[in-house]
Amino acid sequence: MMDNSPVSALKAQIDAAHRILLTSHIRPDGDAVGSLLGLGLALQDIGKEVNLVLEDGVPVIFRHLPGSEEIYKKPIGVYDLTIALDCSDISRVGNVLDEHGQADINIDHHPTNTYFGRLNFVDTKAVATAEIIVDLMSAFDIPLTKNIAASLLTGIIMDSLGFRTSNMTPKALRTAATLHETGVDLPGLYHKVLLQHSYEAIRYWGKGLSNIEREGRLIWTTLSLEDRREIGYPGRDDADLVNVLSSVEDIDICVILVEQSDGTVKVSWRAQPGFDVSGVAMQFDGGGHKPAAGATIPGHLDHVTRDVLEATRKLL
Ligand code: AMP
Ligand code: MN
Ligand code: MN
């Protein structure tokens with residue numbers, strides 16, 4: 001739980017603001033979109049004008065969320081307060097805050113957070129930034145509507161992989177229950193964001209699964225641009241294949257490396273409890289949590305794979 005003084009300071013800043021810019025990270029996940037929409041709709045409900053911005057736009061699987069059509073890729077008009085959500089450092093927002101120069105408020109749950117905001121609400125015990133938004137709404141007496149709850153529950157479900165990550169807490173479950181009580185379709189949200197995959201995504205998994213390599217308790221795989229092109233997979237991500245890798249028995253750490261068209265490689269690490277992959281991600285200018293971290297690394301797929309494996313082996 002956060003102590004009260006920053007909460008009152010945030011309340012004062014929000015009260016004084018007229019138009020608030022809210023943003024979250026590039027390659028937005030359910031917590032990025034969910035926290036943004038949840039807090040955005042809550043601020044609208046108390047009479048604020050908001051500008052919701054995600055540099056990479058809203059992924060298709062979240063476009064059913066009410067308000068998602070009001071998320072833009074660039075800031076519009078003027079604003080007098082900026083809030084970054086679910087970002088461990090300022091570079092995670094992309095170029096959204098370039099004109100403003102900084103984030104006024106930083107609300108996040110990553111242990112690798114750099115405290116880049118003028119005001120920082122970093123609760124590393126929260127399973128998702130969305131959980132912190134529920135706490136803040138309760139502190140500000142803003143009612144939870146069904147639409148707000150759908151977004152925030154999406155954030156909690158997705159970051160906790162359906163209430164099963166090692167950082168799950170009774171409090172997060174209670175928060176999810178409170179959100180569920182508004183009448184949102186929990187099984188439907190769960191199915192949409194965690195279980196359902198496109199036919200192309202599953203065929204793309206096939207490529208990644210056939211490239212799997214193992215060295216003791218470490219496994220990894222790569223997905224090249226060629227793999228993506230052959231299958232016609234439309235995303236730039238791993239289609240959540242990392243969650244399949246992390247289900248393999250007798251493995252402590254798994255890594256997936258996805259080649260990007262801009263000459264970088266998107267790397268995701270997942271680890272069993274007792275391991276901390278956030279440090280190795282930080283060595284490559286990334287970040288995350290002990291059991292789940294990521295980085296975007298410039299270089300050729302083979303070279304990045306070699307360097308990442310070399311650094312990762314040191315953890316085992
Ligand atoms: P991913 O592997 O992208 O699913 O991310 C796993 C965790 O690491 C999430 O908590 C992300 O927010 C975080 N993460 C991923 N990429 C980065 C990055 N480039 N910088 C900081 N944190 C990251
Ligand atoms: Mn996120
Ligand atoms: Mn998150």
Side-chain angles (χ1 to χ4, degrees), residues 22-39 54-56 58-59 61-62 84-94 106-116 121-134 151-161 165-169 172 175 193-194 208 220-221 223 235-246 253-258 260 262 264-271 275-298 304 308 312:
L22 288 94
T23 187
S24 184
H25 58 81
I26 51 176
R27 302 171 170 281
D29 52 27
D31 196 25
V33 180
S35 309
L36 185 80
L37 276 177
L39 183 60
L54 288 173
E55 185 164 294
D56 288 339
V58 182
I61 57 163
F62 307 122
L85 296 156
D86 199 41
C87 291
S88 52
D89 65 79
I90 189 74
S91 73
R92 296 282 287 152
V93 304
N106 157 25
I107 305 176
D108 185 38
H109 68 128
H110 292 93
T112 54
N113 194 285
T114 58
Y115 286 73
F116 58 85
F121 295 82
V122 181
D123 181 357
T124 59
K125 291 207 168 56
V127 76
T129 299
E131 188 187 340
I132 306 175
I133 303 303
V134 179
S151 283
L152 296 174
L153 192 53
T154 295
I156 293 177
I157 290 175
M158 209 162 170
D159 265 18
S160 69
L161 300 177
T165 49
S166 54
N167 60 347
M168 228 7 242
T169 60
T175 301
V193 299
L194 289 177
W220 68 93
T221 194
L223 282 162
R236 295 181 287 150
D237 53 22
D238 67 344
D240 297 332
L241 177 61
V242 73
N243 294 331
V244 180
L245 293 197
S246 63
I253 298 179
C254 64
V255 189
I256 187 159
L257 303 104
V258 186
Q260 304 294 313
D262 63 356
T264 64
V265 178
K266 172 67 195 15
V267 184
S268 294
W269 288 262
R270 296 294 183 270
F275 292 85
D276 178 0
V277 285
S278 66
V280 68
M282 282 182 90
Q283 283 173 37
F284 293 98
D285 288 329
H289 309 270
K290 284 182 185 177
T296 299
I297 307 174
V304 173
V308 162
T312 307

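Sequential numbering from 1 along the given sequence is applied to the chain's residues. When a ligand or atom number is given, it counts from 1 through the structure's own listing order. The structure displayed is predicted, hence computed values, not measured ones.
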Query raised in the report: Atoms of ligand 1 less than 4.0 Å from S88 heavy atoms?
Result: 21 (C), 22 (N)
Report summary line: For D31 and A130, the nearest pair of non-hydrogen atoms, with its separation, is OD1-N, 3.0 Å
Requested in this report: Any chance you could lay out the side chain to side chain donor-acceptor pair (under 3.5 Å) test for N106 and N113, step after step, and finish with the verdict?
Outcome: CA-CA 9 Å; N106 157 25; N113 194 285; 2.9 Å; yes
Query raised in the report: Under 3.5 Å, is there a donor-acceptor pair linking the side chains of H109 and D86?
Result: yes
Requested in this report: Give the contacting part of K266 toward ligand 1: side chain, backbone, both or neither, where contact means a heavy-atom distance below 4.0 Å.
Outcome: side chain
Query - Heteroatom distance test (D285, ligand 1): nitrogen or oxygen, under 3.5 angstrom - result: no
Query - Min N/O separation G294 to ligand 1 under 3.5 Å - result: yes
Report task. Please step through side-chain contact (heavy atoms from CB on, under 4.5 Å) for the pair L245 and I256, ending with a clear verdict. Result -> CA-CA 8 Å; L245 293 197; I256 187 159; 4.2 Å; yes
Query - Part of A295 with heavy atoms under 4.0 Å of ligand 1, whether side chain, backbone, both or neither - result: backbone
Query raised in the report: Is it the side chain, the backbone, both or neither of R92 that has a heavy atom closer than 4.0 Å to ligand 1?
Result: side chain
Report task. Output the list of atoms in ligand 1 that are nearer than 4.0 Å to some heavy atom of G288, sorted by atom number. Result -> 8 (O), 13 (C), 22 (N)
Query raised in the report: Listing residue and atom name, which protein N/O/S atoms are closer to the Mn ion (ligand 3) than 2.8 Å?
Result: D31 OD2, D86 OD1, H109 NE2, D159 OD2
Requested in this report: Using a 4.5 Å cut-off on heavy atoms from C-beta on, say whether the side chain of S278 contacts that of H289.
Outcome: no
Query - Residue among T114, D108, T112 satisfying side-chain hydrogen bond (donor to acceptor under 3.5 Å, both in side chains) with H110 - result: D108
Query raised in the report: D56: what forms a salt bridge (charged side-chain N to carboxylate O under 4.0 Å, His left out) with it, not counting sequence neighbours?
Result: R236
Query raised in the report: N/O to N/O below 3.5 Å, does that happen between S268 and ligand 1?
Result: yes
Query raised in the report: Can you find a non-hydrogen atom of R27 under 4.0 Å from ligand 1?
Result: no
Requested in this report: Among all protein heavy atoms, pick out the one at the shortest distance from atom 7 (C) of ligand 1; state its residue, atom name and that distance to 0.1 Å.
Outcome: A292 O, 3.4 Å
Query raised in the report: Do K266 and S268 have side-chain N/O donor and acceptor atoms under 3.5 Å apart?
Result: yes
Query raised in the report: With sequence neighbours excluded, what pairs up with H25 under the ring-ring contact (aromatic ring centres under 6.0 Å, His included) test?
Result: none
Requested in this report: Please confirm whether the backbone N or O of L161 pairs with a side-chain atom of T165, one donor and one acceptor, at under 3.5 Å?
Outcome: no
Report summary line: min-distance protein heavy atom vs atom 9 (C) of ligand 1 -> H110 NE2, 3.9 Å
Query raised in the report: Is any side-chain heavy atom of T175 less than 4.5 Å from a side-chain heavy atom of E131?
Result: yes
Query raised in the report: Does the N or O separation between G287 and ligand 1 drop below 3.5 Å for any pair?
Result: yes
Report task. Under 4.0 Å, heavy atoms only, figure out whether ligand 1 is touched by the backbone of R270, its side chain, both or neither. Result -> side chain
Report summary line: Taken in chain and number order and not counting sequence neighbours, the residues that satisfy side chain to side chain contact (heavy atoms under 4.5 Å, CB included) with A295 are W269, F284, I297
Query raised in the report: What about H25: any of its N or O atoms under 3.5 Å from an N or O on ligand 1?
Result: no
